[in-house]
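A quick write-up on the structure given underneath.
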Amino acid sequence: MILEKIANLLEEVKALEAKNAEELEQLRLKYLSKKGEINALMADFRNVAAEQKKEVGMKINELKTVAQEKINTLKEQIETVDTGSEELDLTRTAYPIGLGTRHPLTIVKNEIIDIFQRMGFTLAEGPEIDDDLHIFTNLNFAADHPARDMQDTFFIESSPLDVTKNVLLRSHTSNDQSHYLATHEPPIRVLCPGRVYRNEAISARAHCFFHQVEGLYVDKNVSFTDLKQVLLTFAREMFGADTKIRLRPSYFPFTEPSAEMDISCHICGGKGCGFCKHTGWVEILGCGMVDPNVLEACGIDSKVYTGYAFGMGVERITNLKYRVSDLRMFSENDTRFLKEFEAAH
């Protein structure tokens, strides 16, 4: 009787199959554990006649050996990776694929946000796909402004007869400010980070998408002096306590007066070098007082409230800090490039 049971178990063991490690473990427990079927045979072994004990003992040992070998064989099959010639990637490194680190743009963006949050700014983020009203019209862009041209902007839906019906990828994060002004009462002090898109040829110095951080402050009696002090504080926090700034007159549809801000070159200390084109100054952002037309378009009384706005490119600030020569490297996800910034955070 016991010999027949051993023979049946032997056939079962020889036919065992397992698709994964979990199934294999269940088989091992079933046949080879202390409460398994092979070990249970020992209870029957006590009742075997003396003249049969030798034969039965040998059969049980044989069954146990076959079961262990079968489990080991299945384990090797599961752990073995199929490296057939059609799937073998000869360019893949023999070492485990390494992980990168925090992206330099993320490092710098977070640093910018942290500086302005300490000055009382809160975050406000909006849609990357938006309508003409919030991207251009409410921000005082003329109907024939070049930014509305097909060659400058990515359009999702275009209506030549009525530009207000256009839907497009935002070309600046100012649309976040437009949404916020229309839905909140002053005082307003917000920071708007995000990705923007422009129809430009991709090269070492330009890309069709990049990142911006824009700030907006609207309240009673806000002046250009307030703007200058905030930007000076930012520059010194970001680039060092000895950093100087200068504001040059400029033009933006949504601010009046408008200016571009330069900082003293932190490479040469303002003495002049190849990085600053021997001027001692490097441009980092645009700014100005919010145009009254923008306030009125968003439902805010421009006779009671004034405000300032500023905007900077995250890639620009990152280049100034780390001197990355090719903008394309920011979006290639090369872990070798990312590992260069392991000590930056």
Side-chain angles (χ1 to χ4, degrees), residues 89 91-119 121-125 128 169-170 172-173 176 191-198 200-215 230-245 261-271 273-277 280-286 310-345:
D89 183 1
T91 65
R92 182 173 177 176
T93 174
Y95 299 98
I97 297 176
L99 299 176
T101 183
R102 195 176 298 276
H103 198 283
L105 294 179
T106 302
I107 296 171
V108 172
K109 183 190 73 173
N110 289 344
E111 189 173 354
I112 294 171
I113 291 172
D114 179 65
I115 292 171
F116 283 107
Q117 282 186 324
R118 284 189 270 120
M119 290 191 280
F121 287 81
T122 58
L123 289 182
E125 297 182 272
E128 294 184 11
L169 293 176
R170 66 181 179 186
H172 50 195
T173 52
D176 296 353
L191 198 67
C192 306
R195 179 179 289 185
V196 300
Y197 306 84
R198 294 182 187 174
E200 297 184 9
I202 298 175
S203 67
R205 303 184 64 181
H207 212 292
C208 63
F209 70 85
F210 51 98
H211 301 79
Q212 286 185 339
V213 175
E214 297 196 24
V230 164
L231 295 181
L232 177 61
T233 302
F234 163 72
R236 289 179 173 173
E237 289 281 335
M238 178 63 74
F239 298 104
D242 296 330
T243 303
K244 299 177 182 179
I245 69 169
M261 190 181 93
D262 304 329
I263 61 168
S264 54
C265 180
H266 62 291
I267 305 296
C268 63
K271 296 178 182 179
C273 64
F275 186 76
C276 63
K277 300 179 181 178
W281 297 94
V282 180
E283 177 193 341
I284 67 166
L285 59 82
F310 57 84
M312 66 191 79
V314 179
E315 281 84 350
R316 177 67 169 165
I317 304 298
T318 305
N319 278 337
L320 291 176
K321 286 182 70 70
Y322 301 122
R323 303 187 69 179
V324 179
S325 59
D326 191 334
L327 286 178
R328 292 169 294 191
M329 297 179 72
F330 287 131
S331 56
E332 289 180 348
N333 294 326
D334 190 330
T335 56
R336 295 171 299 178
F337 171 68
L338 298 179
K339 282 184 178 295
E340 296 179 17
F341 301 90
E342 285 181 329
H345 59 91

Taking side chain as C-beta onward, heavy atoms only, is [X] less than 4.5 Å from [Y]?
X	Y	answer
Gln117	Leu123	yes
Met312	Phe234	yes
Glu111	Lys321	yes
Phe341	Val324	yes

Over all atoms of both residues, closest heavy-atom pair of [X] and [Y]:
X	Y	result
Ile107	Arg102	CD1-O, 3.7 Å
Asp176	Pro193	OD2-O, 4.3 Å
Gly280	Cys276	N-SG, 3.2 Å
Gly215	Leu191	CA-CD1, 3.9 Å
Leu231	Met261	CB-SD, 3.5 Å
Ser203	Leu327	O-CB, 4.4 Å

Is the backbone of [Y] close enough, under 3.5 Å, to the side chain of [X] for a donor and an acceptor to pair up by distance?
X	Y	value
Glu214	Thr173	yes
Thr243	Arg236	no
His103	Phe330	yes

Could you give the distance from [atom1] ([X]) to [atom2] ([Y]), rounded to the nearest 0.5 Å?
X	Y	atom1	atom2	result
Ile115	Asn110	CD1	CG	11.0 Å
Ile284	Asn319	CD1	CG	13.0 Å
Trp281	Ser264	CH2	OG	5.5 Å
Arg198	Leu169	CZ	CG	12.5 Å

Counterpart residues, side chain to side chain donor-acceptor pair (under 3.5 Å), relative to [X] (two or more places apart):
X	answer
Arg328	Asp326
Thr318	none
Gln212	none
Asp114	Arg118

Assess the residue pair Val314 and Val213 against the criterion (side chain to side chain contact (heavy atoms under 4.5 Å, CB included)); give the C-alpha distance rounded to whole Å, side-chain angles, the decisive distance to 0.1 Å, and a yes or no.
CA-CA 7 Å; Val314 179; Val213 175; 3.8 Å; yes

Suppose we screen for side-chain contact (heavy atoms from CB on, under 4.5 Å). Which residues come up paired with Arg195, at least two apart in sequence or across chains?
Glu128, Tyr197, Phe209, His211

Phe121 and Ile113: side chain to side chain contact (heavy atoms under 4.5 Å, CB included), yes or no, with the steps?
CA-CA 9 Å; Phe121 287 81; Ile113 291 172; over 6 Å; no

Glu315: what forms a salt bridge (charged side-chain N to carboxylate O under 4.0 Å, His left out) with it, not counting sequence neighbours?
none

Check step by step if side chain to side chain contact (heavy atoms under 4.5 Å, CB included) holds for His207 and Ser331.
CA-CA 10 Å; His207 212 292; Ser331 56; 3.4 Å; yes

Can you check side chain to side chain contact (heavy atoms under 4.5 Å, CB included) on Ile112 and Phe116, steps first, answer last?
CA-CA 6 Å; Ile112 294 171; Phe116 283 107; 3.9 Å; yes

